[in-house]
Amino acid sequence: MREWHQAGAGVIERLLPDGRWLLVTERRTANGGIVGIRTDITEFKRVLAELVERDKALLTQNELFDAAVNNMSHGLLMVDAEERLIVCNRRLSDLFHLGEPRDLQGRLLAEAFGCLGGPQEGGQAGCSLLLAQLRGFSAMQEAGSFVVAGLEERSLAVSVRPLQSGGFVAIIEDVTERKRNEDRIAYLAHHDPLTDLANRVQMRSRLDAELARVGIGGIETALLYLDLDRFKQVNDTLGHSIGDRLLQQVAERLRAAVRSTDLIARLGGDEFAISFTGRHARVRIERLANRLLDRLVEPYIIDGRPIQIGGSIGAAIASEPTIDADTLLKNADLALYAAKADGRGVLRMFDPAMAARLEARFTIERDLRTAIARGEFEVAYQPLFGLRDDRISSFEALLRWNHPERGRVSPVEFIPVAEETGIINELGAWCLERACADMTGMPDHVKVAVNVSPVQLKSHDFVETVTAALARSGVPASRLELEITESALIDDDDRILAHLHRLNEIGVRVVLDDFGTGYSSLNYLRRFPFQKVKIDKVFINEATERADCSDIIRSIVELAGRLGMSTTAEGIETPAQLELVRRLGCDEVQGFLLGKPGSAIAAVAALAVEVGAARAGQPAARDPDATIAA
């Protein structure tokens, strides 16, 4: 038997070996004896132990509840019908700077939150709105959720559920970062991230709204499409990082040029759009476009480097409510296409005839893609004559397109389309192959010149294309001349310079065509390896009537001679012109007076006539139609 504890004077609890508990009570009698009472309290002890364990479990559950509530990532708030706090966790206290959660229980909601002058500096309005919303849901006994802002620049998402006994439970989440991300996503859905201008989506929405007002009191909606000139050159030569910064500077200039009520959008790449609504839209378009074009050509300075670009603008006006956004956008795009086709750096207003021209252009593009495979192209050869011996020195290969339905299509129509679409690379390669193959039937001293597009010159495999055509024909490189125009050199592209030097190294002759017009620069003659300069026919046409034109021709001949280059006078149409350029010292002439373009067979025949005449000691006949194809 073991004594457990003393429950009181003369009272002892004992645990017996068999597991029973006894309550031992002993009292002394008056005569000195002892009265002892033994009570079995085993069942009592069992019940008592269960109660103790139950209390311990209850205590543990309370601790777990407190731990769970105070470690929630969301704020938890429970108030009774009198708006006294029943539960307030640590996260809620932190959100509103309320202090220790245990100190808040039983306090009134408004008092605890300090909305009547508490610590929420700058957040009074937000706090008041929060409580107003909570009370509203509680009063209606409805569950719901809402977002409240203005609490120390935070956004809180609140979910409320009423209690049956009155009051409510609210879960409060700090969604500031999520709200910022959502706002950013919503912003980017309507803005260009690089320039911070509106994007195509916002422009389209704006046009829909503006077009709804068109026709009311003479209101018109105007749309300007703007495309940067020479921007691709900046990207290709200086890199996309510089190109992006250039676009940002362009955006700033556009902002400075328009009214605050106008909308500027970046549609993608280097294309921008500006829309506005008002009366007399055409007058404002012209003024705004001139201002924009002037500002765009002003030099941009990036990393200390000056960059020069420009812009082309197409514009359209909606004067009637029947015009929708798609039509206005299409019209402005057509006008921009016309502006770029007219030499860039200009404004063009939409004209209904533009749609017909564009349709014709699309037809040409479609037919061009199959024309080579269908054998619709041929090469015509126009002779060039040396003035020393008055005999054919070379031929210029001229591409001709015989369309099965439209007949002969002018190069003026299809070459620009081929260049814009990139088809010119395939077309140019075919022309080179044909010219080299045809040269094999001509005398060894005769050269053939092939015109080369600036697009071809920039192609990374252009030199390989030329060398492959020469190799397949077996013609020496020295018999091939490549004619390039000055416009191909304005980009000052190092790739073009490298291509020309490689071609010169293998013996191909490089000719500068149409010299004296456009972007003429004597620097071209120094930097590029030209063997020949062709004097533009503009000077030839007026040389017999204007002294300044003949002086220019003489100067070009003298300069070319000093640089080791020969000269060709183009566009000879009269005997007077022929005699003048002969007297001025030109080496070679070309023109309808001497011979028109014809087939390879006709070219060979003309050469045969010359050979026969030479053997007979007679001058060759000068029949300008001798090389016309039958």
Side-chain angles (χ1 to χ4, degrees), residues 183-229 231 244 246-298 300 309-336 338-339 345-351:
D183 291 345
R184 180 62 177 166
I185 292 171
Y187 182 84
L188 292 177
H190 294 85
H191 291 80
D192 171 51
L194 177 65
T195 61
D196 209 31
L197 296 173
N199 63 7
R200 186 181 293 271
V201 173
Q202 187 180 168
M203 174 58 76
R204 174 59 186 269
S205 177
R206 172 71 169 263
L207 288 177
D208 286 338
E210 290 185 343
L211 289 170
R213 302 168 50 201
V214 167
I216 302 174
I219 292 294
E220 298 175 315
T221 292
L223 180 65
L224 288 76
Y225 259 24
L226 187 150
D227 180 87
L228 300 182
D229 300 334
F231 176 75
D244 286 347
L246 177 59
L247 288 174
Q248 290 171 337
Q249 289 194 21
V250 168
E252 289 303 315
R253 293 191 184 186
L254 295 182
R255 286 191 185 95
V258 304
R259 301 175 303 191
S260 60
T261 54
D262 300 340
L263 181 66
I264 315 171
R266 181 186 175 211
L267 304 182
D270 61 338
E271 288 192 359
F272 299 82
I274 301 171
S275 72
F276 63 85
T277 295
R279 297 176 181 83
H280 311 297
R282 187 182 186 96
V283 174
R284 174 139 196 270
I285 284 175
E286 293 174 351
R287 292 174 180 170
L288 176 58
N290 290 332
R291 185 160 63 248
L292 291 173
L293 293 174
D294 288 343
R295 294 191 180 183
L296 288 174
V297 298
E298 295 175 4
Y300 300 79
I309 60 170
S312 301
I313 298 177
I317 299 174
S319 303
E320 302 294 334
T322 54
I323 297 181
D324 58 18
D326 286 333
T327 301
L328 189 61
L329 288 164
K330 183 184 72 173
N331 292 348
D333 195 27
L334 287 171
L336 175 60
V346 295
L347 163 71
R348 289 292 176 265
M349 297 293 300
F350 170 74
D351 183 324

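These figures come from a predicted structure and were not determined experimentally.
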Look up atom [atom1] in [X] and atom [atom2] in [Y], then write down how far apart they are to the nearest 0.5 Å.
X	Y	atom1	atom2	answer
Leu188	Asn199	CG	CG	9.0 Å
Thr221	Arg213	OG1	CZ	7.5 Å
His191	Leu197	NE2	CG	8.5 Å
Leu334	Phe350	CG	CZ	6.0 Å
Leu247	Leu228	CG	CG	6.5 Å
Leu223	Leu328	CG	CG	5.0 Å

Q: Would you please name every residue forming a salt bridge (charged side-chain N to carboxylate O under 4.0 Å, His left out) with Asp324, sequence neighbours left out?
A: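 Residues passing salt bridge (charged side-chain N to carboxylate O under 4.0 Å, His left out) with Asp324: none at all.
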Q | Partner residues of Arg279 under the salt bridge (charged side-chain N to carboxylate O under 4.0 Å, His left out) criterion, sequence neighbours left out | A |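 In terms of salt bridge (charged side-chain N to carboxylate O under 4.0 Å, His left out), with neighbours along the sequence ignored, Arg279 is linked to no residue.
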Q) Salt bridge or not for Arg204 and Asp208, using N-O below 4.0 Å? A)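 A salt bridge links Arg204 with Asp208.
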Q.
Can you tell whether the side chains of Glu252 and Arg255 come within less than 4.0 Å, N to carboxylate O?
A.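 Salt bridge flag = yes for Arg255 with Glu252.
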Does any N or O in the side chain of [X] come within less than 3.5 Å of the main-chain N or O of [Y], such that one atom is a donor and the other an acceptor?
X	Y	answer
Asp333	Leu329	no
Glu320	Gly215	no
Arg295	Ala256	yes
Arg348	Ala338	no

Q) Any side-chain heavy atom of Leu292 sitting closer than 4.5 Å to one from Leu347? A)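 Side chain of Leu292 against side chain of Leu347, heavy atoms only: no contact under 4.5 Å found.
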Could you report the tightest heavy-atom contact between [X] and [Y], atom names first, then the distance?
X	Y	value
Ala257	Leu288	O-CD1, 3.6 Å
Phe276	Ala281	CZ-O, 3.9 Å
Arg206	Ser275	CG-OG, 3.9 Å
Met203	Ala265	CE-CB, 3.7 Å
Tyr300	Ile309	CE1-CG1, 3.5 Å
Gln202	Ala198	NE2-CB, 3.2 Å

Under 3.5 Å donor-acceptor pairs involving side-chain atoms of residues 310-319, not counting sequence neighbours:
| unit_1 | atom_1 | unit_2 | atom_2 | d |
| --- | --- | --- | --- | --- |
| Ser312 | OG | Asp229 | OD1 | 3.1 |
| Ser312 | OG | Asp229 | OD2 | 3.2 |
| Ser312 | OG | Gly345 | N | 3.0 |
| Ser319 | OG | Glu220 | OE2 | 2.8 |

Q: Say whether Asp196 and Tyr187, considering side chains only, have a donor N or O and an acceptor N or O under 3.5 Å apart.
A: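 The criterion, which ignores hydrogens and geometry beyond distance, is satisfied for Tyr187 and Asp196.
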(Q) Just checking Arg282: does its CZ atom have more than 12 heavy atoms from other residues, nucleotides or ligands closer to it than 6.0 angstrom? (A)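 Check fails, neighbour count at 12 or below.
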Q) How about Arg287: does its CZ atom have over 12 heavy atoms from other parts shown lying under 6.0 Å from it? A)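 Check fails, neighbour count at 12 or below.
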Q: Mind running side-chain contact (heavy atoms from CB on, under 4.5 Å) on Thr195 and Ile264 for me, showing each step along the way?
A: CA-CA 10 Å; Thr195 61; Ile264 315 171; over 6 Å; no
Q | Residue pairs passing the side-chain hydrogen bond (donor to acceptor under 3.5 Å, both in side chains) test where at least one lies in residues 264-274, sequence neighbours excluded | A |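 Passing the test, one end in residues 264-274: Asp192-Arg266.
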Q | ring pair (Phe, Tyr, Trp, His ring centres under 6.0 Å) pairs, two or more places apart, involving residues 254-275 | A |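 For residues 254-275, and leaving out neighbouring residues, there are no ring pair (Phe, Tyr, Trp, His ring centres under 6.0 Å) pairs at all.
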Q.
Can you list everything that forms a side chain to side chain donor-acceptor pair (under 3.5 Å) with Asp294? Sequence neighbours excluded, please.
A.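 For Asp294 there are no side chain to side chain donor-acceptor pair (under 3.5 Å) partners, ignoring immediate neighbours.
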